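Just so you know, these numbers come straight off a predicted model, no measurement behind them. So that the names make sense, note that chain A is the first sequence line, chain B the second, and so on, each numbered from 1.
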Protein chains: 2
Amino acid sequence: MDITKNAEKAPVLKTLPSRLLGQTAALVGRVAGDALADAGSHRYAFAVLATLDAFGPLSQAELCRRTDLDRSDMNGTVNALEAEGSVTRRPDPADRRQNIVALTEAGRTRFDDLERRLSAAQDKALAPLSGDERALLVQFLQRLHDHLSPG
Amino acid sequence: MDITKNAEKAPVLKTLPSRLLGQTAALVGRVAGDALADAGSHRYAFAVLATLDAFGPLSQAELCRRTDLDRSDMNGTVNALEAEGSVTRRPDPADRRQNIVALTEAGRTRFDDLERRLSAAQDKALAPLSGDERALLVQFLQRLHDHLSPG
DNA sequence: TGCTAATTGTTGGCAACGCCAACGATATTG
DNA sequence: CAATATCGTTGGCGTTGCCAACAATTAGCA
């Protein structure tokens, strides 16, 4: 009677947190990533824009620390953001090893647009959870993250 | 007063569910993956062993449906499990397109060992959450997964 | 001061992961 | 019987997160 032959999963796998986390993160991450891709952007770029928006101009190294991105990935991301005009990159006169990365007007507009798209995508992805449940989920994840992150 | 210069993260990023899910899944997944790697195994292999343990002998295609693995990855996984003696693979006489994959005695022992290791790893990774909270987290994730999975 | 170590940006590359295309063999459908 | 679908298998691809090495520059310390 099953129109859709439902492939039963092993109980162990259905409740295994590491597996459930991985699968769900992939699904939610795809929704969010697609939303940014529709605007020609990327999660790395969004993280950088959000950090610059929150703290003002920063060096690439400082951006790495505040976004948990690798230095090489940060370089590529800043390249892309600079190419699209969202960001300026100029050498720091006080420390000529560093680049000062700063948000442009276009960059702030860009960030606002991406934030709206991302917010809508999250709402779609998290639809089955109530507001309280979402807050609880976020809190759980934060506690796990703090517990496991090498910081 | 800060011995460890705490790199503040942008508020948007700290509460963005897609990002939090991805980061936490990576951290928890690494703990779980390392536990399996210590035993020379892999999550794909564990998923197959758990499914065979729960449902008995199955074809590779059926294993794919019940583990959400790709056919090519399933092939490699069954190869490895067959090589280590955890599984037998023989052609189905009734349908010669299919392979019947079955757990061996060694395979069941192997699965029990992996399950213990994995269980211990999960406990370590989920330490900051109480039992009730873990159950709630799993429930949230299952609801999100059901909502987003194309099944 | 001068020498060593550390930091920064940059380039190049790597392994794991999830996924897709194509193929021959076999079964099923019409 | 012909067309379609399924299965196992092989090979490959794009993304992701990460690491190594390098030159340039600065900081730390004898």
For D38(B), does the CG atom have more than 12 heavy-atom neighbours from other residues, nucleotides or ligands under 6.0 Å away? yes
Taking ring pair (Phe, Tyr, Trp, His ring centres under 6.0 Å) as the definition, give me every residue that meets it alongside F111(B), ordered by chain and number, with sequence neighbours left out. F46(B)
Residues that Y44(A) engages under ring pair (Phe, Tyr, Trp, His ring centres under 6.0 Å), provided they are two or more places apart: H42(A)
Could you work out, with side chain to side chain donor-acceptor pair (under 3.5 Å) as the rule, every residue matching R117(A), not counting sequence neighbours? D113(A)
Using side chain to side chain donor-acceptor pair (under 3.5 Å) as the criterion, list what pairs up with R19(B), not counting sequence neighbours. none
For [X] and [N], give me the distance from atom [atom1] to atom [atom2], rounded to whole Å.
{"X": "L58(A)", "N": "dT8(C)", "atom1": "CG", "atom2": "C1'", "answer": "15 Å"}
{"X": "I100(A)", "N": "dT8(C)", "atom1": "CD1", "atom2": "P", "answer": "13 Å"}
{"X": "L69(B)", "N": "dG8(D)", "atom1": "CG", "atom2": "P", "answer": "13 Å"}

If a pair satisfies side-chain hydrogen bond (donor to acceptor under 3.5 Å, both in side chains) and one of its residues is in residues 49-59 of chain B, list it, with sequence neighbours excluded. D53(B)-R108(B)
Does anything in residues 23-34 of chain B pair up under side-chain hydrogen bond (donor to acceptor under 3.5 Å, both in side chains), and if so which pairs, sequence neighbours excluded? H145(A)-Q23(B)
R65(A) side chain near dT8(C) phosphate (N/O to OP1/OP2, under 4.0 Å): yes
Return each pair, listed once, that meets ring pair (Phe, Tyr, Trp, His ring centres under 6.0 Å) where at least one residue sits in residues 59-98 of chain B; pairs must be two or more places apart or across chains. none
Counterpart residues, salt bridge (Lys or Arg N to Asp or Glu O under 4.0 Å), relative to R143(A) (two or more places apart): E133(B)
Under a 4.0 Å heavy-atom cutoff, the residues of residues 76-99 of chain B touching DNA chain D are R89(B), R97(B), Q98(B), N99(B)
Short of 4.0 Å, heavy atom to strand atom, which residues of residues 33-47 of chain A count as contacting DNA chain D? H42(A), R43(A), Y44(A)
Pairs touching residues 119-129 of chain B that satisfy salt bridge (charged side-chain N to carboxylate O under 4.0 Å, His left out), sequence neighbours left out: D123(B)-R134(B)
Using a 4.0 Å heavy-atom cut-off, write out nucleotides 19-24 of chain C from 5' to 3' as B (base contacted by protein), S (sugar-phosphate only) or - (no contact). BB-B--
